[in-house]
Amino acid sequence: YKQINQLILRGLNTLLTLDNKQEIFLQFFDLLKDAVHFSQASILQLANPQQVTVLASSLSVEPLTLTEQQQLLAFLPKDAANFFDVRSSSVWQKYFSARWPCCTSLLIQPFQTSRAVYYLLLSDSKIGAFDTSQQLLIEQFVGFAASTMDRIETRQLLHQSEALQLQHQQ
């Protein structure tokens with residue numbers, strides 16, 4: 001519990017001090033690195049049912065092609081997944097092994113706010129790099145972060161709405 005409590009405390013501080021989602025996610029990668037070893041972390045955002053973008057990545061990543069987006073949409077699970085060796089997937093080999101070359105083990109954690117669906121991808125070059133306790137830790141932290149992000153987004157929208165109402169009244 002100590003590890004998740006520390007992650008939540010540090011994550012909350014990040015959410016309260018940063019406004020840009022990309023910066024928030026990059027800071028989250030640093031926080032997660034203290035708890036779980038990984039080679040690369042990425043956040044994918046499903047902008048709509050047909051479009052996937054790499055919102056943030058710990059390593060530089062080119063934008064996804066339309067074919068890659070379609071294949072990724074078909075590949076991504078609805079629930080969390082822990083791939084012991086993702087190289088055994090022919091889809092991964094064909095479309096993503098060049099993009100994520102150090103990816104042997106892959107931990108995928110979906111999450112959503114009221115405005116978007118996201119996927120956290122943690123990868124490592126070691127086979128079986130992520131165990132169930134690490135997967136649970138990631139799931140708990142991502143759940144907290146998504147819930148808190150949703151509240152912050154809602155609060156920001158309310159403030160914007162109030163500001164617009166004040167402008168119209170004047």
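Just so you know, these numbers use all the heavy atoms, side chains as well, and skip hydrogens, waters and symmetry mates. Numbering starts at 1 and runs along the sequence shown.
- Nearest heavy-atom pair across Trp100 and Ser42 is NE1-OG, 3.5 Å.
- The main-chain N or O of Asp131 is found under 3.5 Å from a side-chain atom of Gln134 such that the two form a donor-acceptor pair.
- Atom CG of residue Leu106 and atom CZ of residue Phe130 lie 7.5 Å apart, to the nearest 0.5 angstrom.
- Under the 4.5 Å side-chain contact rule for hydrophobic residues, Leu120 and Ile24 share a cluster.
- Using modelled atom types, no side-chain atom of Gln45 and backbone atom of Tyr118 make a donor-acceptor pair closer than 3.5 Å.
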Evaluate salt bridge (Lys or Arg N to Asp or Glu O under 4.0 Å) for Glu68 paired with Arg99, printing each intermediate quantity in order.
CA-CA 10 Å; Glu68 288 175 323; Arg99 178 175 290 284; 2.6 Å; yes
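- Looking at Asp124 and Lys126, no side-chain N of the basic residue comes within less than 4.0 Å of a carboxylate O on the acidic one, giving no salt bridge.
- Every residue two or more places apart in sequence or in another chain that forms a side-chain hydrogen bond (donor to acceptor under 3.5 Å, both in side chains) with Gln40 is listed here: Ser57.
- Aromatic ring pairs are classed by plane angle as parallel below 30°, tilted from 30° to 60° and perpendicular above 60°; the pair Phe75 and Phe96 is tilted.
- With contacts defined as side-chain heavy-atom distances shorter than 4.5 Å, the pair Leu44/Thr53 does not qualify.
- Closest non-hydrogen pair, Leu64 versus Gln69, comes out as O-NE2, 3.3 Å.
- Distance CZ/Phe38 to OG/Ser123: 8.5 Å, rounded to 0.5 Å.
- Taking 4.5 Å as the limit, some side-chain heavy atom of Cys103 sits within range of a side-chain heavy atom of Val86.
- Residues in residues 157-166 take part in no side-chain hydrogen bond (donor to acceptor under 3.5 Å, both in side chains) pair, two or more places apart or across chains.
- Heavy-atom minimum distance, Thr104 versus Ser125: OG1-O, 3.0 Å.
- At distances below 3.5 Å, at least one donor-acceptor pair connects side-chain atoms of Ser105 with backbone N or O atoms of Phe84.
- Counting only distance, with no hydrogens or angles, the side chain of Gln93 and the backbone of Arg87 share a donor-acceptor pair below 3.5 Å.
- Listed for the Ser88 side chain is a donor-acceptor partner under 3.5 Å among the backbone atoms of Asp85.
- In this structure, CG on Leu26 lies 11.0 Å from CG on Leu31, to the nearest 0.5 angstrom.
- Residues Leu137 and Phe141 fail the side-chain proximity criterion, which asks for heavy atoms closer than 4.5 Å.
- Separating the CG atom in Asp30 from the OG atom in Ser58 is a distance of 9.0 Å, to the nearest 0.5 Å.
- No continuous path of hydrophobic side-chain contacts links Trp92 to Leu107 [ILVMFWY only; heavy atoms under 4.5 Å].
- For the pair Gln167 and Leu164, the minimum side-chain heavy-atom distance is below 4.5 Å.
- Relative ring orientation between Phe25 and Phe28 is described as perpendicular, the plane-to-plane angle rising above 60° on a 0-90° scale split at 30° and 60°.
- When each of Leu72, Val61, Ile43 is paired with Val54, the side-chain contact (heavy atoms from CB on, under 4.5 Å) condition holds for Val61 and for no other.
- A heavy-atom distance below 4.5 Å is found between the side chains of Leu73 and Leu46.
- The cluster map of Ile, Leu, Val, Met, Phe, Trp and Tyr, joined by side-chain heavy atoms under 4.5 Å apart, puts Leu122 and Leu76 in different clusters.
- Cluster membership check: Tyr119 does not share its hydrophobic cluster with Leu55, using side-chain heavy-atom separations under 4.5 Å among Ile, Leu, Val, Met, Phe, Trp and Tyr.
- Nearest approach of Pro110 to Pro77, heavy atoms of both residues: CG-O, 4.5 Å.
- In the model, Asp150 has a side-chain atom that pairs as donor or acceptor with a side-chain atom of Ser114 under 3.5 Å.
- Atom-to-atom distance recorded for Leu121:CG and Ile108:CD1 is 5.0 Å, nearest 0.5 angstrom.
- Under the 4.5 Å side-chain criterion, counting only non-hydrogen atoms from C-beta, Arg115 is in contact with Leu157.
- Atoms CG and CD, on Leu136 and Gln109 in that order, are 9.5 Å from each other to the nearest 0.5 Å.
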